[in-house]
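In what follows, a structure is listed as structure tokens, so that the remarks can point back to it.
Residue numbers start from 1 in every chain, and the chains themselves are labelled A, B, ... in the order their sequence lines are given, proteins ahead of strands.
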Amino acid sequence: MTRGNVEVSLNFRQQVEMWVARIPYGQVATYGELAALSGQAAAARIVGGIAHYGDPTLPWHRVVNRFGGLASGFPGGREVQATLLNTEGVPCDENHTIINFEAHRWRPLL
DNA sequence: CGAGTGACCGCAA
DNA sequence: ATTGCGGCCACTC
């Protein structure tokens with residue numbers, strides 16, 4: 001409600017998209033993390049919905065589940081997402097899971 | 001305008 | 001160890 005504070009007035013979707021846009025090159029974040037950063041830790045599922053219907057220009061390929069596994073509905077398939085991450089220096093195994101996931105995980109507090 | 005669905009997460013049998 | 005279920009918000013049909 002704080003008129004001077006823009007973040008509070010933004011909706012959940014807006015905040016999620018903002019956080020996704022802030023994910024740096026070569027790092028990844030989880031749906032739950034983005035949901036928590038947006039104020040609703042239990043709304044991780046909504047983040048997936050936003051990824052599907054939201055702004056496609058955002059780096060959604062840097063968003064994965066808590067296990068470091070790639071998304072199932074990524075445009076082009078998980079193979080494409082794995083290739084994109086690999087290009088950024090984030091290797092994935094044959095199971096479409098990020099290798100050394102914790103090491104590449106983005107830390108907003110950092 | 002109402003209801004269903006979704007690229008998830010955490011906990012309980 | 002695996003399976004099943006509830007919860008949250010936004011968007012589509």
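Spacing between atom CZ of A/R66 and atom P of B/dC9 amounts to 5 Å, rounded to whole angstrom units. Computed from coordinates, the A/F67 CZ to B/dC9 P distance equals 8 Å when rounded to whole Å. Atom CG in A/D55 sits about 16 Å away from atom C1' in B/dA7, given to the nearest Å. The distance between atom NE2 of A/H52 and atom P of B/dC8, rounded to the nearest whole Å, is 12 Å.
A donor-acceptor contact shorter than 3.5 Å is absent between the side chain of A/N11 and the backbone of A/R13. Although no hydrogens or angles enter the test, the distance criterion places a donor-acceptor pair under 3.5 Å between the side chain of A/D93 and the main chain of A/N95. Side chain of A/R62 to main chain of A/I23: a donor-acceptor pair is present (N/O by atom type, distance under 3.5 Å, no hydrogens or angles).
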Checklist entry - How far apart are the C-alpha atoms of A/F12 and A/I50, what are their side-chain angles, what is the distance that settles it, and do they pass the side-chain contact (heavy atoms from CB on, under 4.5 Å) test? => result CA-CA 9 Å; A/F12 188 78; A/I50 295 167; 3.9 Å; yes
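Near DNA chain B, meaning a heavy atom under 4.0 Å from it, residues 80-97 of chain A has no residue at all.
A side-chain donor from one of A/H61 and A/E88 sits under 3.5 Å from a side-chain acceptor of the other.
Under the 30°/60° scheme for interplanar angles, the aromatic rings of A/W106 and A/W19 are found to be tilted.
Other residues sharing a hydrophobic cluster with A/V28 under the 4.5 Å side-chain heavy-atom criterion for ILVMFWY residues are A/V64, A/L70, A/L85, A/V90, A/I98, A/F101.
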Checklist outcome for this item: Quick tally for nucleotides 4-13 of chain C: nucleotides whose base has a protein heavy atom under 4.0 Å get B, sugar-phosphate-only ones S, the rest -, giving ---BBBSSS-
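At least one side-chain heavy atom of A/V63 sits less than 4.5 Å from a side-chain heavy atom of A/L34.
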